[in-house]
Amino acid sequence: MTAPEVKLFNTLTREKEVFVPLTPGQVKMYTCGPTVYNYAHIGNLRSYIFPDLLKKLLAFLGYQVTQIMNFTDVGHLTSDADAGDDKIEKAAAALGKSAWDISKFYAEAFKQDISALNIAFPSRFTYATDYIPQQIDLVKALEDKDLTYANEDGVYYDTAQFSDYGKMAKLDLEGLQEGARIDADGKRNKTDFALWKFSPSDAQRQMEWESPWGKGFPGWHLECTAMIFAELGPTIDIHTGGTDHIPVHHTNEIAQAEGATGQPFVKYWLHGEFLVLDQNQRMGKSEGNFVTLQTLIDAGFSPKAYRYLCLTSHYRHFLTFSQDNLKAASTAYFKLKRTIEHLHAQDDRHPEGAAEYREKILNALCDDLNAPKAVGLIWDLVQNDQVGDAHKLVLIREFDQILSLDLLNFTDYPELLLQIPDEVQSLAQARWEARLAKNWAESDRLRDLIQAAGFQMRDGKDSFELVALDA
RNA sequence: GGCGACGUAGCCAAGUGGUAAGGCAGGGCUCUGCAAAAGCCUUAUUCGCCGGUUCGAUUCCGGCCGUCGCCUCCA
């Protein structure tokens, strides 16, 4: 069969476009990574699932994919005003550790989180602090093109000099409302942003570097552009991130990159929509309604169930998160695995039916990563008795390379991972024996005790099983 | 104020100019000492509201209502 076209919704054009790589067979992609001053919350983590899907889909189709993901490990200001605190240095001070320790610690925690979610590591992780010379060079390049100016605060990008500024975001520059916390003093245009910030004269920063303009640290938008240039070159195929980055961060990246090189920066910009809470509130590090992956694990959920939940919603749509939704996803997820587990590998009837599903599922994924549709088709497939189970299993193995839901791993059911207290274990044993003796009264009495201890006993033909009751 | 997105069953969520995938929850049946689990079956005459285009719209166009996001570090 011929490989289908991949269509991606490109923020630049606000349309689905057929993906054509810059170099045939190769894909250069960059994924905006986290600022590591705290744990990632599940909303953050969601936005790394769709690039993972994309990367795996492209690899599946035979492309050679190079993906870079960064860690913003240098602190930036909480606002562009001079008075802002540096998040990393702030966290470091609060915990009595160095800024370097903080960023390293949370970068490692992030790697663990994405591993738990079966998000494959990029070809390389890059750390902003490893690219300070490149960032300085980029500012120099912009300076040479007369796109910068310096003030007391630092070196700024003069966005009025870049004709396409704000094009992707469709910014109405006149209509932008200056935020109450922005200190516009010293800026020529309200959209100007810092390329290099000077260290404060009255305080010692932990992270600061010498530069041609004075001691300081790079502006936030600079690092992504510099690292992309260093690792992937002046023009790349795909750049991913959250929708919140469209108007500022990515707009500024484009201004920096295209201002410096005069060449197109990114061919396809992909943005993931936010996860929101029940009341349609966004989850944010600043909002205080922060749920981490560990929170879910502690509540008894599998990280894969969370991945499943994310895959049942399109990446460009809001995903409403609630404990109930996750519970429903988790139930569905493990039920799907059980269904797959019970397929019969010897049943090889109707290969043509399987071929049809293969095409449909692949088309769904190629259509701007329509994972929800693909998951629906997987359900359809496993329940379709017109297709031989053996063929179903082949397809599931194939597509799980992309979906990464561990659909063929039958050893991670929640009940198998349970720690069952000895006393519950012996109660269960006693009940089993009472049952065999047809002593129903005693059997029911013991079942009540087991339930009171938080477990449910499932009677099988020759054995029983204990599962935790919902809290 | 500017820009943008969304509104499909109790809940989550696909989708198409030709009459609504899938999942969860619910209901029924089978199984079971009774349960649970599992299996089978079932669940929207209808897609926020009102107009328009059309033989026909949930799907296209216009208006309205509602919700949310971004414009400030944030995925």
Side-chain angles (χ1 to χ4, degrees), chain A residues 11 14 31-35 37-38 40-50 72 75-81 84-87 166 169-183 190-191 220 240-249 251 271-276 278-287 308-309 312-314 316-322 324-333 335-336 338-339 342 360 364 370-381 383 415 435 438-441 443-444 447 451 456-461 464-465 467 469:
Chain A
T11 307
R14 310 286 161 119
T31 297
C32 251
T35 302
Y37 67 97
N38 201 336
H41 62 247
I42 57 174
N44 294 319
L45 292 170
R46 180 192 184 202
S47 64
Y48 299 103
I49 290 179
F50 85 85
T72 300
H76 298 288
L77 303 184
T78 49
S79 80
D80 279 340
D85 294 313
D86 177 308
K87 286 179 175 181
K170 300 185 188 293
L171 293 184
D172 168 8
L173 300 180
E174 300 306 315
L176 284 179
Q177 201 169 60
E178 287 175 41
R181 298 205 304 259
I182 298 181
D183 182 357
K190 47 194 165 188
T191 48
W220 174 46
T240 70
T243 51
D244 55 328
H245 282 154
I246 297 169
V248 179
H249 184 225
T251 290
H271 292 96
E273 191 46 271
F274 272 40
L275 171 146
V276 294
D278 251 344
Q279 300 309 311
N280 275 330
Q281 293 168 341
R282 62 167 287 181
M283 178 177 292
K285 290 179 181 176
S286 344
E287 276 77 355
Y308 180 92
L309 174 66
T312 59
S313 155
H314 189 92
R316 282 195 291 115
H317 285 29
F318 288 102
L319 167 63
T320 308
F321 178 84
S322 68
D324 285 350
N325 292 162
L326 179 59
K327 174 76 187 148
S330 180
T331 304
Y333 170 62
K335 191 172 162 188
L336 177 61
R338 287 212 183 272
T339 307
H342 294 135
K360 280 190 196 167
N370 195 335
K373 191 171 186 180
V375 172
L377 285 164
I378 296 267
W379 272 100
D380 244 20
L381 170 71
Q383 292 172 336
E415 53 268 35
R435 246 191 106 242
K438 297 193 191 297
N439 184 348
W440 310 131
S443 168
D444 289 350
R447 176 163 61 199
Q451 280 184 356
Q456 181 189 74
M457 190 159 169
R458 295 179 183 168
D459 302 335
K461 208 170 171 67
F464 61 85
E465 190 173 48
V467 298
L469 288 169

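Chain identifiers are assigned alphabetically (A, B, ...) following the order of the sequence lines, protein sequences preceding nucleic acid strands; residue numbering begins at 1 within each chain.
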Trainee: In Å and rounded to the nearest 0.5 Å, what is the NE2 to CG distance from A:His41 to A:Leu275?
Mentor: 7.0 Å
Trainee: Over how many whole Å does the gap from A:Lys438 atom NZ to B:rG33 atom P extend?
Mentor: 7 Å
Trainee: Please measure how far the P atom in B:rG10 lies from the corresponding atom in B:rG26, and state the result in whole Å.
Mentor: 15 Å
Trainee: For A:Trp379, which contact category applies under a 4.0 Å heavy-atom criterion: base, sugar-phosphate, or nothing?
Mentor: sugar-phosphate
Trainee: Might you point out which heavy atoms bring A:His271 and A:Thr11 nearest each other, and give the distance in Å?
Mentor: ND1-OG1, 2.7 Å
Trainee: What heavy-atom pair brings A:Ala364 and A:Ala374 nearest, and what distance separates the two atoms?
Mentor: CB-N, 4.0 Å
Trainee: Looking at A:Asp324 and A:Lys327, does any basic side-chain N land under 4.0 Å from a carboxylate oxygen?
Mentor: no
Trainee: Would you measure the distance from the C1' atom in B:rU59 across to the matching atom in B:rC41 and give it in whole Å?
Mentor: 31 Å
Trainee: Taking pairing as Watson-Crick or G-U wobble with both contacts under 3.5 Å, can you name the mate of B:rC6, or confirm there isn't one?
Mentor: B:rG66
Trainee: Could you check whether A:Gly43 gets within reach of a base, just the sugar-phosphate, or nothing at all, counting any heavy atom under 4.0 Å?
Mentor: base
Trainee: Rounded to the nearest 0.5 Å, what separates atom CG in A:Leu319 from atom CG in A:Leu309?
Mentor: 5.0 Å
Trainee: If we ignore hydrogens and angles and just use 3.5 Å, is the side chain of A:Thr251 paired with the main-chain N or O of A:Ile246 as donor and acceptor?
Mentor: yes
Trainee: Between the protein and nucleotides 12-15 of chain B, which nitrogen or oxygen pairs come in under 3.5 angstrom?
Mentor:
from	atom 1	to	atom 2	distance (Å)
B:rA13	O3'	A:Thr312	O	3.4
B:rA14	OP1	A:His314	N	2.8
B:rA14	O3'	A:Asn370	ND2	3.2
B:rG15	OP1	A:Asn370	ND2	2.8

Trainee: What integer number of Å spans the P atoms of B:rG51 and B:rG27?
Mentor: 39 Å
Trainee: Who is the Watson-Crick or G-U wobble partner of B:rC40, with both distances under 3.5 Å?
Mentor: B:rG28
Trainee: Working to the nearest 0.5 angstrom, can you tell me the gap between A:Asp444 CG and A:Arg435 CZ?
Mentor: 10.0 Å
Trainee: Starting at CZ of A:Arg447 and ending at P of B:rU32, how long is that distance when rounded to a whole Å?
Mentor: 15 Å
Trainee: Now, which nucleotide makes the Watson-Crick or G-U wobble pair with B:rG51, with each of the two distances under 3.5 Å?
Mentor: B:rC61
Trainee: Looking across every strand, which nucleic acid part, if any, lies under 4.0 Å from A:Tyr48 by heavy atom: base, sugar-phosphate, or nothing?
Mentor: sugar-phosphate
Trainee: Rounded to the nearest angstrom, tell me the gap between atom NE2 in A:His342 and atom C1' in B:rC40.
Mentor: 16 Å
Trainee: How would you list, by chain and number, every residue that makes a side-chain contact (heavy atoms from CB on, under 4.5 Å) with A:Thr240, sequence neighbours excluded?
Mentor: A:Met29, A:Thr31, A:Phe50, A:Pro51, A:Ile238, A:Leu270
Trainee: How close or far is atom C1' of B:rC70 from atom CG of A:Asp244, stated in whole angstroms?
Mentor: 8 Å
Trainee: Does B:rG23 have OP1 or OP2 under 4.0 Å away from a side-chain N or O of A:Gln383?
Mentor: yes
Trainee: May I ask you to say what A:Arg458 touches in the nucleic acid, namely base, sugar-phosphate or nothing, with a heavy-atom cut-off under 4.0 Å?
Mentor: base
Trainee: Across all strands, who's sitting opposite B:rG1 as a Watson-Crick or G-U wobble pair, both distances under 3.5 Å?
Mentor: B:rC71
Trainee: Suppose you measure atom P in B:rC6 against the same atom in B:rG62; what distance do you get, rounded to whole Å?
Mentor: 14 Å
Trainee: Short question: side chain of A:Tyr48, backbone of A:Cys32 - any donor-acceptor pair under 3.5 Å?
Mentor: yes
Trainee: Rounded to the nearest Å, what distance is computed from the CZ atom of residue A:Phe274 to the C1' atom of nucleotide B:rG4?
Mentor: 13 Å
Trainee: What interatomic distance, in whole Å, is found between C1' of B:rG22 and the corresponding atom of B:rA9?
Mentor: 14 Å
Trainee: Using a cut-off of 4.0 Å on non-hydrogen atoms, how would the nucleic acid contact of A:Ala169 be classed: base, sugar-phosphate, or nothing?
Mentor: sugar-phosphate
Trainee: Within the 4.0 Å heavy-atom criterion, would you say A:Asp380 contacts the bases, only the backbone, or no part of the nucleic acid?
Mentor: sugar-phosphate
Trainee: Encode nucleotides 25-31 of chain B as B, S and - characters from 5' to 3', where the letter depends on protein heavy atoms closer than 4.0 Å: B to the base, S only to sugar-phosphate, - to neither.
Mentor: S------
Trainee: Drop me the distance from A:Tyr333's OH to A:Thr312's OG1, to the nearest 0.5 angstrom.
Mentor: 13.0 Å
Trainee: Just call it for A:Arg338: base, sugar-phosphate, or nothing, with non-hydrogen atoms closer than 4.0 Å on any strand.
Mentor: nothing
Trainee: Once you apply a heavy-atom cut-off of 4.0 Å, does A:Ser443 come out as touching a base, just sugar-phosphate, or nothing?
Mentor: base
Trainee: At under 4.0 Å between heavy atoms, what does A:Arg316 touch on the DNA or RNA strands: base, sugar-phosphate, or nothing?
Mentor: nothing
Trainee: Base, sugar-phosphate alone, or nothing: which one does A:His245 contact when heavy atoms must sit under 4.0 Å apart?
Mentor: sugar-phosphate
Trainee: Counting any heavy atom closer than 4.0 Å, what does A:Leu275 reach on the DNA or RNA strands: base, sugar-phosphate only, or nothing?
Mentor: base
Trainee: Measure the distance from CD on A:Gln456 to P on B:rU32 and round it to the nearest whole Å.
Mentor: 19 Å
Trainee: Taking atom C1' in both B:rA21 and B:rG15, what distance in whole Å separates the two?
Mentor: 7 Å
Trainee: Write down the distance separating the P atoms in B:rA75 and B:rG7, rounded off to the nearest Å.
Mentor: 26 Å
Trainee: If you measure from the C1' atom in B:rC29 to the same atom in B:rU43, how many Å do you get, rounded?
Mentor: 15 Å
Trainee: Under 4.5 Å between any side-chain heavy atoms of A:Arg46 and A:Ser313, yes or no?
Mentor: yes
Trainee: What is the distance, to the nearest angstrom, from the CZ atom on A:Phe50 to the P atom on B:rA75?
Mentor: 13 Å
Trainee: Measure from NZ on A:Lys461 to C1' on B:rG33 and round the result to the nearest Å.
Mentor: 14 Å
